[in-house]
Protein chains: 2
Amino acid sequence: MRPASIKDVASHAGVAVGTVSNVLNYPDRVADKTRSRVLDSIAELGFVRNDVARQLRAGQSRTIGLIVLDIGNPFFSSLARAAEDAAADSGNAVVLGNSGHDATRELHYIDLFEEQRVQGVLISPVADITERLRALTQRGTKVILVDSPAGGDTFSSVSVDDVSGGYLATKHLLGLGRRRIAFVAGPQRFHQVRDRLAGATRAVEEVAGATLEVLQADDLTVLAGRGIGDGLVGRDRGSLPDGLFCANDLLALGVMQSLTMLRTLRIPEDVALVGYDDIDFAASAVVPLTSIRQPTALIGRTAVELLTEQLSDPAARPRSVVFKPELVVRASTNG
Amino acid sequence: MRPASIKDVASHAGVAVGTVSNVLNYPDRVADKTRSRVLDSIAELGFVRNDVARQLRAGQSRTIGLIVLDIGNPFFSSLARAAEDAAADSGNAVVLGNSGHDATRELHYIDLFEEQRVQGVLISPVADITERLRALTQRGTKVILVDSPAGGDTFSSVSVDDVSGGYLATKHLLGLGRRRIAFVAGPQRFHQVRDRLAGATRAVEEVAGATLEVLQADDLTVLAGRGIGDGLVGRDRGSLPDGLFCANDLLALGVMQSLTMLRTLRIPEDVALVGYDDIDFAASAVVPLTSIRQPTALIGRTAVELLTEQLSDPAARPRSVVFKPELVVRASTNG
DNA sequence: CGCAAACGTTGAAACGATTCATTAATACGA
DNA sequence: TCGTATTAATGAATCGTTTCAACGTTTGCG
């Protein structure tokens, strides 16, 4: 049996369809008696408004598309949750697309979202798809870049200053008197890794006698971090770094596990350790981890706000919001 | 400027709207020459099919609603990813709703999804909302329960046998010769906690001389686990458990951190430790953690399959799929 | 009492696609 | 050459809303 339509309600209540619509959208325009009669019919028939038809007429949907690199990553799941909260506040829903670092899937979702006439797309792009996104905006779908630096004059964007984060972390190590700094890098194709390294480099250059070594991990995982840690333990004392800055918390936790287990190097006495992201596990690690906090929730919320801004004033110039990361000091640098 | 419609394409190509529709949906019905002319116009005008209108006409959407308890929980984010993958295979998208254990938000999403005429709702319910869900199905929106035991004859469901998981974990500890078992419980309002305890109880009852103690944590977090660990360290040796089964991995990791840091009790020599969920961090803990693996990805995929099943044959009787969890042995019980 | 304003309700048009009965054009065989 | 298939293309109807000009009724005021 087909669900009841507004027409069914109208004939059941003995009024015109326009009146039912008014009851739903402008209750004040309808006389009390009529309104309650219509409401009764709605209840009796179990009528539920068909948002698809409403959207068609309005030419606008109530959904926002969100395309993330990896929903399994706490950074993005937290961001998604915040975006979804913010959207819910204005009665919208978030449709989630997980590109999984795959450019094909990314395009698939962009196509899907455009066909669905979402209000806008919040995207953390895999590759450079500026052209595709520009076409989107030209046809009326707003685009907001997330965790991706600057969309120039074309797109609004929200990101975190990773150079500044890298600087902050390294400066902290230097401030503790450490001079032999090492940066545990992930794959350099991630702009996050490159930027954090750049920040570290700058900090080291500012201090006479400080050196920076780059230890290259081939992944941003706990396992990769362990590999780096195991490598360190094998070295002779003189060549060891005394301050370690890792490209993210997973790497840092891996390094920590390796050192803790082998018990040859103490944290922070022998090596001070700083991570990045401040994931939940950082605070509750064996040695609570000093980290750089990214305001994930704020990023998600801001992305939605930037979109709302674009929607309410289509002529508004795109804005780029860049957040400053924050140093969170814990025992791993504070013995 | 409004995006181009099928009508614009038709007049640009000098054909009727029906022909454009046929080019899009049944290319064979259209002569080669006409088809290419239409395709040219589509490209030139940058036409993108309006899925909203299509859905209205079809009376069916291409979206699936997913309502989870907490997208920040790795269990659910992994599940969501799998569901989204499975949906993508059949050209559908997943709309995500995060209830955050809040019944009001849960209802909000149910309403929203029904108005959007999603094909079906996959839901991990906060409270007992059987009646609301029954109304949904009666109006044609399919419902699949996720990680919730048995929807009876009304709903299909997919879940994991937590009793069996608890039994498995405890049996393993007993098999190692441990006799003084303790279960680190989370809040008993979660059916997962109750079921896992029930399984543990059964296993202990099967072995003469074995005892089961319940240590009540007030949360399912690492921090709560630490509290339990700290409490254990303070005890005198005689009263200590030698086998510890935690309601989830977060608790287990907390306990592990406490014991590792204080170094009074060794894992697994003094206390063997088993967690639950087998989250990514379990394998890479200081002492790799033995755990009970839940097939999250499989759950997500199965939920989508159950939905597809209901959609393709509306008369099909609801099915309940229950997965068996699996024991993953690591160093924390295998010294 | 008469007129204007305010109020409530109506019903048709529109949104953009799909569907399908109908018509037009072409090909084929006798 | 004619009639019949076959193939293409047409365009109106439809999906379920919202919008809005038009209309009828009531109210208020002089």
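Letters A, B, ... are given to chains in the order of the sequence lines, protein chains preceding strands, and every chain is numbered from 1.
- A salt bridge does not link Asp40(B) with Arg37(B): none of the charged nitrogens is closer than 4.0 Å to a carboxylate oxygen.
- Residue contacts for Gly59(B): at a heavy-atom cut-off of 4.0 Å it reaches no nucleic acid atom on any strand shown.
- Whole-Å rounding puts the Ile6(B) CD1 to dT10(D) P distance at 13 Å.
- One interatomic measurement links the two molecules: CG of Asn22(A) to C1' of dC7(C), which rounds to 12 Å at whole-angstrom precision.
- At whole-Å resolution of the value, CZ in Arg62(B) and C1' in dT18(C) are 14 Å apart.
- Between Arg132(A) and Glu106(A) there is no salt bridge, since no side-chain nitrogen of the basic residue lies less than 4.0 Å from a carboxylate oxygen of the acidic one.
- Per the geometry, NZ belonging to Lys33(B) stands 14 Å off C1' belonging to dT7(D), to the nearest Å.
- Contacts between residues 111-121 of chain B and DNA chain D, defined by a heavy-atom separation below 4.0 Å, involve no residue at all.
- Checking dT10(C), dA17(C), dT18(C) against every side-chain atom of Ser5(B), the shortest atom distance belongs to dA17(C).
- Across all strands shown, Val15(A) has heavy atoms under 4.0 Å from sugar-phosphate atoms exclusively, and none from any base.
- Atom CZ of Arg35(B) and atom C1' of dA9(D) are 14 Å apart (whole Å).
- Contacts of residues 41-58 of chain B with DNA chain D (heavy atom under 4.0 Å): Leu56(B), Arg57(B).
- Atom P of nucleotide dA21(D) and atom CZ of Arg29(A) are separated by 12 Å, given to the nearest angstrom.
- Summarising the geometry, the separation between CG on Asp32(B) and P on dT7(D) is reported as 14 Å, rounded to the nearest angstrom.
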